[in-house]
Amino acid sequence: MRAALEVSKELDVAILTKVYPSRSHSGAAQGGIAASLANSEDDSWEEHMFDTCKGGDYLNDQDAVEEYVKSASRVIYELEHMGCVFSRDKDGKIAQRAFGGHSKPRACYSADRTGHAILHALHEQLLKNAKSIKIYNEWYMHSLIVEEGRCKGVVVSDIRTGEVEVMQAKAVIFCTGGYGRVFKITSNAFAGTADGVIAAYRAGIPLQDTEFVQFHPSGLWRQGILFSEAARGEGGTLLNSKGERFMEQYAPSRMELAPRDIVARAEQSEIDEGRGIDGKDYIHLDLTHLGEARIMERLPQIRQLGIDFIGVDCVNEKLPIQPTAHYSMGGIPTDMFGQVVIDDKGTPLTGFFAAGECACVSVHGANRLGTNSLLEAVVFGERSGRSALEFAREAELQPLNEKHQKTKTLNLFEEIYQRDGTESYNDIRNEMKEVMMSQCGVFRDEKRLKDCISKIKSLQTRYKKGKITDKGNLFNTELYEIIELGNMLKMGEIIATGALNRKESRGGHFRKDFPERDDTNFLKHSLLSEADDGEGIQINYKDVTITRYKPAKREY
Ligand SMILES: Cc1cc2nc3c(=O)[nH]c(=O)nc-3n(C[C@H](O)[C@H](O)[C@H](O)COP(=O)(O)OP(=O)(O)OC[C@H]3O[C@@H](n4cnc5c(N)ncnc54)[C@H](O)[C@@H]3O)c2cc1C
């Protein structure tokens, strides 16, 4: 939406989304959006940049990080002027709280509904600019049209009617979000199924750093629903079955507010070593000492989530939590202007842009700090929008064979309708989630990853032998879920293949058989692309841009 606003300053733009715009996963973001406003303590963009690079285990491209953190304060004020209501301190300034890996309180927030506030402010702006912005709600993007080395549009369908259409465009911007739904325990909304990144991959664009998946430390046990890090930012503690604040062993200086990868591994280690609560696979998040008044002021949604989903009121009781797949650091490679690039030399794919979680700029490197992602979506939304506008201003619509493009998607529908197999898509989905979680999760090693890849491949074979029950056109959600499952099966294979290849531990990627970071061999981005046969995965590399902060040992 931020990208569309930028384009709409001069040109017409269509927004297409498979949900309603304000139901995008951004609306679930709770804790905050980072900026070095220095409203409660001295702060600077340099410190924000340093924390981001250290948090990302030095895989971040620092030229992009610098531009990004420098823009942060401006975009916060812009959002505010658009009508986004931020919580205030006693002097009436935008309040800022502590967050994992940030050395200063830098998270601007709207209680614990920050994403909701931002999303609605942006949506209002879209409606205000309705003359030049048309929104296609509940339309599904199937594929990206790339011919003669340039992007010409997308193939889409109207979920309501199943009608397939080609949307020609001078420029296309993907903001299709993450792919946490590949994993069993995830905080991500149902729409996070990798459609955008897989459409790019299928169009010949390599995917960057997809082995780096962030597991958030505080997912609701068994369900994965998020209890924001804001809970720890406000003083919440983590306890094992012995009642110990175990973070003392793992990150004595930052404790519960160490970066997420470190806290998630600490939790998983406690669970694996038998110190989960009641010997089970969860530990406790304790907020009881904060008191009802503070919880109601700062964390009302978290309280309600606990009450609604498990009947636990965090004012009086501890919340059961476990690591949950949360954020995709990797994605479609772009330069710092949001232009998609297709190789290690930064060759652009003309007419194609990407921003937000589906993109890999890479400002987060191997691990994203909390509150840095909403900032990414807004900053790079704006930047990609501006790049697309500058490009489209001079560009011509390209001729394309509409019938040919449509036929590919119609054939896919037909193939799914015709499959008369015995396999259940639900079983395949559940088994995929299970294996990704257990074999490609917080801790990885060669054996687990090889198991994972071979299991995913066998699921891909079984997928071709499934059977659909609804063959109608109207709101056929079963059809769309099957297509999404196909995307996720490919995504799972790509994540695990990248993880197997990266024989080191860095940020969110931890190999038990290679527990150290290896800058000599792996201080580089990975690029995974479709092999010529359309099945295999090819791996290349790209240099990391290091400007201000040389890689150092990461201790907290
Ligand atoms: C529970 C939760 C809490 C979070 N809290 C924070 C936080 O406090 N601070 C922070 O900085 N970050 C947070 N994050 C991360 C952050 O919210 C996301 O990374 C960010 O909002 C992603 O924004 P986006 O615009 O890239 O994608 P999204 O908001 O996920 O939007 C993706 C859009 O793409 C559309 N789409 C996808 N595929 C298709 C298709 N095939 N056809 C049509 N449309 C499609 C979807 O319908 C949707 O509209 C949180 C994430 C979660 C899950």
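Quantities reported herein were computed from a predicted structural model and do not represent experimental measurements. Just follow the structure's listing: the first ligand is 1, and inside any ligand the first atom is 1.
- At least one heavy atom of G32 sits closer than 4.0 Å to an atom of ligand 1.
- Considering backbone and side-chain atoms alike, E357 places an N or O below 3.5 Å from some N or O of ligand 1.
- In summary, the atoms of ligand 1 found under 4.0 Å from a heavy atom of N188, numbered by their order in the structure, are 53 (C).
- Only the backbone of C175 comes within 4.0 Å of ligand 1, judged by heavy-atom distances.
- Note: no N/O pair closer than 3.5 Å links A191 and ligand 1 by distance alone.
- With ligand atoms numbered from 1 in the order given, ligand 1 contributes 9 (N), 10 (C), 11 (O) to contacts under 4.0 Å with heavy atoms of T371.
- In this structure, Q214 falls outside the shell of residues with a heavy atom less than 4.0 angstrom from ligand 1.
- Ligand 1 has no atom lying under 4.0 Å from any heavy atom of Y109.
- The S187 neighbourhood of ligand 1 comprises atoms 1 (C), 53 (C), with distances under 4.0 Å to a heavy atom of that residue.
- Taking the ring axis of F337 as reference, the NZ or CZ atom of R386 does not stay both within 45° of it and closer than 6.0 Å to the ring centre.
- Just one of H48, E47, E41 meets the side chain to side chain donor-acceptor pair (under 3.5 Å) condition when paired with K104; it is E47.
- Residues D308 and Q304 have side chains that bring a donor and an acceptor to within less than 3.5 angstrom of each other.
- Within the cation-pi definition used here (under 6.0 Å to the ring centroid, within 45° of the axis), K54 qualifies as a partner of Y556.
- Residue H216 does not touch ligand 1, judged by heavy-atom distances below 4.0 Å.
- The proximity of V19 to ligand 1, defined as any non-hydrogen pair under 4.0 Å, involves the side chain as well as the backbone.
- Within the structure, the closest approach of N372 to ligand 1 falls below 4.0 Å when heavy atoms are considered.
- Considering all non-hydrogen atoms of both residues, R298 and E234 come closest at NH1-OE1, 3.0 Å.
- Of the heavy atoms in Y327, only side-chain atoms (C-beta onward) come closer than 4.0 Å to ligand 1.
- Using a 4.0 Å cut-off between heavy atoms, L226 contacts ligand 1 through its side chain alone, with no backbone atom that close.
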